[in-house]
Amino acid sequence: MSSSCRQILDDVRVFPPLTFSEDFAYYGEHVPTFFGMLYAGGPSLGHNYSLHDPHATLEESAMPYGSAAFCQCALRWLENHAND
């Protein structure tokens with residue numbers, strides 16, 4: 001998936017699998033999964049609250065890049081599994 005993301009994004013970093021506190025990790029026990037994080041702001045850009053805080057804000061300009069990377073990954077997966 002990282003190579004697909006790199007076709008869209010300039011800075012892609014791959015980390016070992018992490019579960020954080022997301023229930024999403026349980027899905028990966030049953031089906032192949034991909035969990036991507038898109039940096040969409042932080043304190044240096046005036047976004048001072050974490051993602052799940054009701055006061056959270058983000059750089060909306062990041063959303064088209066995240067959407068494009070997600071679509072690119074989906075298209076590559078479909079191409080690679082067309083005959084499954």
Side-chain angles (χ1 to χ4, degrees):
M1 292 295 167
S2 62
S3 61
S4 294
C5 289
R6 284 188 178 96
Q7 293 176 340
I8 305 296
L9 304 170
D10 293 330
D11 186 9
V12 175
R13 300 172 194 184
V14 178
F15 295 93
L18 303 167
T19 59
F20 298 102
S21 63
E22 300 287 340
D23 291 339
F24 183 80
Y26 292 109
Y27 301 145
E29 294 177 0
H30 305 283
V31 296
T33 57
F34 169 78
F35 191 96
M37 296 185 297
L38 178 66
Y39 178 75
S44 65
L45 297 174
H47 305 283
N48 298 312
Y49 298 94
S50 65
L51 179 61
H52 296 288
D53 189 289
H55 300 100
T57 58
L58 53 93
E59 288 294 310
E60 291 184 13
S61 62
M63 295 300 104
Y65 296 99
S67 297
F70 181 77
C71 289
Q72 182 72 11
C73 290
L75 289 170
R76 292 302 148 257
W77 189 91
L78 289 169
E79 287 174 0
N80 293 332
H81 294 85
N83 297 319
D84 287 355

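FYI, the numbering just counts along the sequence from 1.
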Exercise for the section: Can you see which heavy atom on His47 is nearest to which on Gly41, and at what distance? Expected result: CD2-CA, 3.7 Å
Practice task
Give the cluster check for Met37 versus Tyr49: same hydrophobic cluster or not, with ILVMFWY residues linked at side-chain heavy-atom distances below 4.5 Å.
Solution key: no
Problem - Shortest non-hydrogen contact from Pro64 toward Ser61 - result: CD-O, 3.4 Å
Practice task
Identify the two heavy atoms, one from Leu38 and one from Ala62, that lie closest to each other, and give their separation to 0.1 Å.
Solution key: CD2-O, 3.4 Å
Handout entry: Gap between atom OG of Ser2 and atom CD of Gln7 - 0.5 Å precision
Key = 10.5 Å
Practice task
Run the numbers on His55 and Asn48 for side-chain contact (heavy atoms from CB on, under 4.5 Å), then give the verdict.
Solution key: CA-CA 9 Å; His55 300 100; Asn48 298 312; over 6 Å; no
Problem - Crowding at CD, Glu60 (>12 non-hydrogen neighbours, <6.0 Å) - result: no
Exercise for the section: Indicate the atoms forming the closest heavy-atom contact of Cys5 with Ala69, along with that distance. Expected result: SG-CB, 4.3 Å
Practice task
Considering non-hydrogen atoms only, spot the tightest contact between Glu59 and Leu45 and give its length.
Solution key: CG-CD1, 4.0 Å
Completion exercise
Those residues at least two apart in sequence (or on a different chain) that pass salt bridge (Lys or Arg N to Asp or Glu O under 4.0 Å) with Asp10 are none
Exercise for the section: Please report the closest heavy-atom contact between Ala68 and Ile8, naming both atoms and the distance. Expected result: CB-CG2, 3.7 Å
Exercise for the section: Determine, stepwise, if the pair Tyr39 / Leu9 fulfils side-chain contact (heavy atoms from CB on, under 4.5 Å). Expected result: CA-CA 11 Å; Tyr39 178 75; Leu9 304 170; over 6 Å; no
